[in-house]
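Here, residue 1 is the first one in the sequence, and each next residue gets the next number.
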Amino acid sequence: MPRRPDSRERLLSGTALRRRPGQPNPELESNSATAGSQAESTVPVARGTAARRNRALKLSEQPQPSRPTGARRPAVLSSSPIANIVRSQSIPPPPSTGAGPTASVASASSNSLAAGSNQRQSRRFGGSTGSAARMRSGRAGVEHPLSDRTTNAALRSYDLDVKQAFDRIVPLLKQLSALQHEDHFVERAQQLALASLGYTLPLPILERAWVSQLDMRTLFAWCVFETYEQTSANFFQDDPLGGKPGSPAAEAFDAFLLECGFHLLDVTPCADGRLAHAIAYALRLPFSSVRRRPHAGALFDVENTVNRWVKTEHRRYREGLPNPAHADTRYLKVVLYHFSSLDPSHEGCAAHGSDDTLAAACGLSRLRDFQTAVENSFCCGASVDLLLVGLDTDTDAIRVHVPGLDGSTNLERWLDARDVYAATAALPAAEGRSRIISLVEQAAASTPDPGMVRLIARLLEHNISQIDYVRTYHDGHYSDGSHAERFIGVGIGFKEIHLRNLTYFAYMDTVEEGAPDLDVGIKIFSGLNVSRGLPVPVVARFDYHGQVPGARERAVRHAQRIQAAIETRYPELVAQGLLHTLLTIRDQDRHVPAEAVGSTISFATPGGH
């Protein structure tokens, strides 16, 4: 059948000449004839493991003014001064002598590691008592020069507004329980609900209270779902985080990311609700600039991630977005695992048995599987860059395993944001930023990529504001160090959820595939809700592309299948009214709220035979 003619002109983005990993770039070679002496410093595009190693070798031969010359790079541990920043948690803040970054690092004592060699194992992961003491000893109102006080106040206000809306539900229901058999109960209940929650309650539940006890379980779940819907609507309508597509913050960070050499930032945090705020709060990134896919234990699905990589690269080729396919940028995949500095044996990642070492090792292994899958499945030196980051769920301080340009990552070596905070607290803002870059360079597993250094330095600077946020509003560490989520979110989506301990995520396409994630969530809520006689509220969510015919209807059917599968998997909870589900969908091609399309809470229509 002949193709229908298309009158529209379609311009395809130019692509780079094909070559195998490690081979020279013909395009760059042809340009070198006219580039003069500047061509000698041009670094060819590195797209595979072999190419990355070649590039790292060439870069290591160039002078590095920000690193001490003549010193060999330690493999894991070293008695060099920088090891006191990266590994030891006990150095004092550097004196503000006006010396450059290297001089400041060199001024630290080089004997602390030797003196504490017997304690290295206990300091492998998490902050030590010295670091925690530094965090608690800060005077009220004293903030880091790089901290953003205005943004901290705005984020605090948004966090309180949303969480208090959920937390007012139980006190209201307790009031209604005491009033349910009094005269004019329905009118009084609606007045109290409107004043406390901002909406009225379903009449069928209230009107049956005089016959029997008020159905508190159904009413609780209904209120949670209504509050979620209002939260979603306010998020997309008001943009409280200032990170929607096209916002100044998103445009600025997107440009910065390209300057660093990355065309997409794909982050997989653990599904634990204590990491739900990682993007907008801990890392201070515009939510629309980051592709986020939470998974239990941060163990993302490799095949699905490869498919998303393919879509990203195809869009670069067809549309030149976010940049043309021939541009020398990479796809950056990040795993964000977590740990607890206050109770590492019990409040770490449940998916890894609170074993921080295992959480980091499994995250790195999954990252390398993804990289290998891309390199083995596609030609022309296709590859991705990787980054492993840890988050302390007690203080929100991150630690970064800075990778080398050759793709190496050292699990035994990281840069802790609390030590970066201490090392730069006495420096002016400009000197502090230079110091951070120096610390990132020296903490790398091998010679680092300059673009990666810039990006990590920016993340650490942003995290300094979050450290001050926790110090200012939570006395240095969260009081709810354990789980305190308000509902479980299952499916695909939830772009509007960016608050700590608000939602436990269970990313899934089918219940069978996402069963481990969902089981962990049900276990958590068995302690949070079921133990108190309250139901587990589950919000099923599936985003769809509104430009695709029939996509909305398929999303609705998908959500309905998930609901049926959940009820089949947890029949006892459903039978006792201890599990309720709200079905929602959202057109991801538009900046619009989620749309409710079904629920396990239904009310019989009166009348008829």
Check: Arg308/Thr305 side-chain N/O donor and acceptor closer than 3.5 Å
yes
Check: Gln563/Glu567 side-chain N/O donor and acceptor closer than 3.5 Å:
yes
Examine the side chains of His277 and Asp396 and answer whether a donor and an acceptor come within less than 3.5 Å of each other.
yes
Verify the distance criterion only: is there a donor paired with an acceptor across the side chains of Arg291 and Thr312 at less than 3.5 Å?
yes
His545 and Gln547 side chains, donor-acceptor separation under 3.5 Å:
no
Taking the ring of Phe487 and the ring of Tyr228, is the distance between their centroids below 6.0 Å?
yes
Thinking salt bridges, do Arg541 and Asp543 make one under a 4.0 Å N-O criterion?
yes
Any side-chain donor near an acceptor of the partner, Asp392 and Thr395, under 3.5 Å:
yes
Partner residues of Glu595 under the salt bridge (Lys or Arg N to Asp or Glu O under 4.0 Å) criterion, sequence neighbours left out:
Arg552
Salt bridge between Asp266 and Lys333, side-chain N to carboxylate O under 4.0 Å?
yes
With no hydrogens and no angle check, do the side chains of Gln190 and Thr200 hold a donor and an acceptor under 3.5 Å apart?
no
Are a donor atom and an acceptor atom from the side chains of Asp355 and His352 found within less than 3.5 Å of each other?
no
Electrostatic pair Glu143:Arg471 at N-O distance under 4.0 angstrom:
no
Counting the benzene-type ring for Trp, do His295 and Phe300 have ring centres under 6.0 Å apart?
no
Would you say the rings of Phe235 and Phe287 are close, in the sense that their centroids are separated by under 6.0 Å?
yes
Using the rule side chain to side chain donor-acceptor pair (under 3.5 Å), only one of Asn463, Thr151, Asn152 pairs with Arg284; which is it?
Asn152
Hey, do the aromatic rings of Tyr421 and His144 have their centres closer than 6.0 Å?
yes
Ignoring hydrogens and angles, state whether a donor on the side chain of Asp148 or Ser465 is under 3.5 Å from an acceptor on the partner side chain.
no
